[in-house]
Amino acid sequence: MTLLKTNGLNTYYGESHILRDVDINIKTGEMVCLIGRNGVGKTTFLKSLIGLLTPRSGEIIFNGELINRKPPHQRARSGIAYVPQGREIIPYLSVEENLQLGMEALPGGLANHKKIDDLVFELFPVLKKFLPRRGGDLSGGQQQQLAIARALLGKPKLLLLDEPTEGIQPNIVLDIESAVKRIISETGIAVLLVEQHLHFVKQADRYYAMQRGGIVANGPTSELSKAVVEKFLSV
Ligand SMILES: Nc1ncnc2c1ncn2[C@@H]1O[C@H](COP(=O)(O)OP(=O)(O)OP(=O)(O)O)[C@@H](O)[C@H]1O
Ligand SMILES: [Mg+2]
């Protein structure tokens with residue numbers, strides 16, 4: 001079943017035309033990767049999906065519903081979770097409090113949901129160990145794990161990950177990669193990943209390649225050629 005579909009999405013910053021007629025689709029349970037060099041519009045696209053930016057034209061259909069005009073909190077409640085580039089956990093709150101914030105997206109909000117799902121501790125055991133610690137005192141890789149766990153606690157249907165391995169030690173990159181695979185197999189949600197590490201990109205079922213705000217190539221990641229990789233990945 002198609003979970004997310006965009007039709008001819010165009011997004012601007014003021015007069016700068018960034019996204020150009022972007023059409024993508026993602027099915028339930030699918031892992032899709034968006035690749036492209038620095039500044040082509042990948043983050044702009046994710047922000048348009050979650051409602052932090054308003055496209056000037058085009059449609060976003062999520063779970064059969066047109067969501068273009070919905071504010072970000074309603075999109076979150078309808079099942080889109082977003083882990084921003086740079087993570088944005090709250091440094092002065094504890095790991096536990098940061099995780100609880102993720103449950104605000106659930107029906108009735110945090111008031112009705114206090115217990116943290118054990119799945120996040122199975123995926124990221126380090127978070128259990130550091131529950132009382134301040135989020136800001138975690139390493140970059142641990143903060144990324146916290147940000148993904150927090151997004152997951154809202155029980156999304158679609159998880160948007162913006163360069164989750166950027167600036168992270170290689171051993172934790174592999175931990176994050178396997179956690180994302182496990183999230184998909186255990187929860188059946190879909191993931192849209194923006195990523196530069198080829199190994200991680202290849203875990204996805206399909207890719208879309210973006211250039212100057214438009215989609216210029218797409219297909220199964222098993223068919224990602226060396227030429228495409230060199231053209232669209234920075235590493
Ligand atoms: N707040 C903003 N105001 C104006 N222009 C912006 C703003 N944010 C981004 N841009 C511009 O929009 C274009 C797309 O930026 P975007 O952040 O979406 O790229 P990206 O593909 O995510 O890049 P990166 O790989 O560096 O994260 C860039 O040219 C950027 O300079
Ligand atoms: Mg970006």
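Counting convention: from 1, in listed order, for ligands and their atoms alike.
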The test is side-chain contact (heavy atoms from CB on, under 4.5 Å); show your working for Thr165 and Gln144 and say whether it passes. CA-CA 8 Å; Thr165 66; Gln144 185 66 59; over 6 Å; no
Compute the angle centred on the Mg ion (ligand 2) spanning OG1 of Thr43 and OE1 of Gln85, and express it rounded to 10 degrees. 80°
Is the CZ atom of Arg56 crowded by more than 12 outside heavy atoms at less than 6.0 Å? yes
Output the distance between atom NZ (Lys42) and atom CG (Leu19), rounded to the nearest 0.5 Å. 11.5 Å
Of all heavy-atom pairs between Arg37 and Leu233, which one has the smallest distance, and what is that distance? NH2-O, 3.3 Å
For residues 125-141, which residue pairs pass the salt bridge (charged side-chain N to carboxylate O under 4.0 Å, His left out) check, not counting sequence neighbours? Arg134-Asp137
So which of Ser16, Ser57, Ser48 actually passes side-chain hydrogen bond (donor to acceptor under 3.5 Å, both in side chains) with Thr11? Ser48
Might you list the protein residues in contact with ligand 1, defined as having a heavy atom under 4.0 Å from one of its atoms, sorted by chain and number? Tyr13, Ile18, Arg37, Asn38, Gly39, Val40, Gly41, Lys42, Thr43, Thr44, Gln85, Glu163
